[in-house]
Novice: 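Dumping the structure here so I can ask a few things about it.
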Amino acid sequence: TEDEITLFERDMKEFWIEFKSVYNTEQINQTLALRDSCKESIEVLSAKWSKKLKEGDLMIDKIQEYNNEILQQSKCISEKEEQLREINLNEEEELQKNLTDSIQELKEELAKQMEILSSKDKAIKEKMERLCKSKVLFEECLGLEIRRIHNEQLQFIFRHIDHKDPDKPYTFTLSINEQGDYEVTSCTPPLDCIAEFQLKVRETNNFPAFVANIRKAFTALSYK
């Protein structure tokens with residue numbers, strides 16, 4: 001190193017002063033030549049090592065620069081990963097919110113459907129109850145028999161219409177459709193006015209009049 005070189009030169013000078021007091025001029029000249037040669041070699045080595053030291057310093061600076069770049073890139077990668085995690089978290093939260101909203105909408109729609117179904121079912125039951133309550137009155141006053149048959153339908157059987165054959169049955173079958181309206185599903189013998197009677201009872205909800213009108217129509221038909 002430079003400190004070692006300086007120390008070496010100082011030792012050489014001390015050696016030279018001591019040497020001159022002992023040896024003759026020729027020996028001194030030879031020694032001087034040797035000293036100069038050594039000094040030149042030392043200078044060459046010093047320059048060479050100084051260059052290598054500078055190159056080493058540059059290399060260290062370059063390595064430090066690379067380390068700084070790596071640290072900066074690592075920091076940038078960490079920031080991007082954190083942003084990605086936040087994005088994924090937000091997407092999951094948004095997806096969960098959408099699913100929750102969809103489930104809530106389905107629940108509300110189901111509740112509405114259940115309410116509508118319950119209302120329709122209640123209306124049908126009320127109408128069926130009114131029909132059953134009228135059963136006795138119809139049987140006594142109109143010679144009518146009412147039977148409950150398949151699919152929650154009621155069959156109305158009139159007798160004592162044909163004076164030639166009092167036991168001859170005149171029938172029609174009644175149900176309540178999905179809209180809660182009265183609907184005649186069969187009529188024996190067929191009556192052309194059934195559609196008209198059916199429409200009228202839907203408008204007025206006067207069921208006794210509806211049954212009475214059908215019986216009148218059967219009676220009129222028996223005289224033909």
Side-chain angles (χ1 to χ4, degrees), residues 85-224:
R85 281 193 293 271
E86 291 177 357
I87 290 172
N88 290 337
L89 182 60
N90 292 334
E91 288 179 350
E92 289 178 0
E93 290 177 351
E94 184 176 357
L95 178 60
Q96 184 177 5
K97 182 179 182 301
N98 290 337
L99 288 174
T100 302
D101 292 343
S102 296
I103 291 171
Q104 184 61 32
E105 289 178 2
L106 289 173
K107 286 182 177 179
E108 292 176 358
E109 184 64 25
L110 179 60
K112 290 180 181 178
Q113 293 295 332
M114 292 295 291
E115 184 178 353
I116 293 172
L117 182 61
S118 176
S119 178
K120 288 183 177 180
D121 186 59
K122 182 179 179 181
I124 290 173
K125 287 181 178 179
E126 289 176 352
K127 287 188 175 182
M128 293 301 292
E129 288 176 1
R130 288 198 297 269
L131 290 177
C132 291
K133 288 179 181 180
S134 302
K135 180 176 182 293
V136 175
L137 176 63
F138 291 152
E139 287 179 347
E140 293 177 353
C141 298
L142 303 176
L144 174 65
E145 178 185 356
I146 301 175
R147 297 176 182 174
R148 187 186 296 273
I149 60 175
H150 60 279
N151 296 329
E152 294 299 320
Q153 297 185 97
L154 292 178
Q155 185 181 53
F156 294 75
I157 305 171
F158 295 99
R159 300 183 190 279
H160 308 298
I161 290 179
D162 189 345
H163 63 282
K164 295 178 182 179
D165 186 3
D167 291 331
K168 180 180 179 180
Y170 291 74
T171 67
F172 75 94
T173 304
L174 186 71
S175 68
I176 297 176
N177 60 25
E178 293 182 356
Q179 289 72 37
D181 297 326
Y182 295 111
E183 183 174 352
V184 176
T185 57
S186 67
C187 182
T188 306
L191 294 174
D192 296 336
C193 53
I194 278 292
E196 179 184 349
F197 291 161
Q198 182 175 265
L199 180 60
K200 190 170 183 179
V201 73
R202 290 178 182 178
E203 293 174 351
T204 64
N205 203 32
N206 189 343
F207 188 74
F210 169 70
V211 176
N213 287 333
I214 291 180
R215 191 180 190 283
K216 288 178 182 179
F218 278 144
T219 301
L221 185 64
S222 69
Y223 286 106
K224 292 183 179 180

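All heavy atoms count here, side chains included; hydrogens, waters and symmetry mates do not.
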Novice: Could you give the distance from CG (N213) to CG (N206), rounded to the nearest 0.5 Å?
Specialist: 8.5 Å

Novice: Can C187 and F156 be said to form a side-chain contact (heavy atoms from CB on, under 4.5 Å), step by step?
Specialist: CA-CA 9 Å; C187 182; F156 294 75; over 6 Å; no

Novice: For the residue pair I214 and I194, establish whether any side-chain heavy-atom pair is separated by less than 4.5 Å.
Specialist: yes

Novice: To the nearest 0.5 Å, what is the distance between CD on E183 and CD on Q153?
Specialist: 9.0 Å

Novice: Using a 3.5 Å distance criterion without hydrogens, assess whether the side chain of D162 forms a donor-acceptor pair with backbone atoms of K164.
Specialist: yes

Novice: Can you tell me how far OG1 of T219 sits from NE2 of H163, rounded to the nearest 0.5 angstrom?
Specialist: 11.5 Å

Novice: Are any non-hydrogen side-chain atoms of L174 and F210 less than 4.5 angstrom apart?
Specialist: yes

Novice: Can you tell me how far apart OG1 (T188) and CD (Q155) are? Round to the nearest 0.5 Å.
Specialist: 8.5 Å

Novice: Between CG of N177 and OG1 of T185, what distance do you get to the nearest 0.5 Å?
Specialist: 11.0 Å

Novice: Sequence neighbours left out, what pairs pass side chain to side chain donor-acceptor pair (under 3.5 Å) with at least one residue falling in residues 165-175?
Specialist: T173-S186

Novice: Taking only residues two or more places apart in sequence or in another chain, which ones pass ring-ring contact (aromatic ring centres under 6.0 Å, His included) with H150?
Specialist: none

Novice: Considering non-hydrogen atoms only, spot the tightest contact between R159 and P169 and give its length.
Specialist: NH1-CB, 3.9 Å

Novice: For the atom pair CG (L144) and CZ (F158), what is the distance rounded to the nearest 0.5 Å?
Specialist: 4.5 Å

Novice: Which pairs would a plain distance check flag for residues 195-202, meaning a side-chain donor or acceptor within less than 3.5 Å of a matching protein atom at least two apart in sequence or in another chain?
Specialist:
residue : atom : partner : partner atom : Å
Q198    : OE1  : V184    : N            : 2.6
R202    : NE   : Y182    : O            : 2.9
R202    : NH2  : Y182    : O            : 3.0

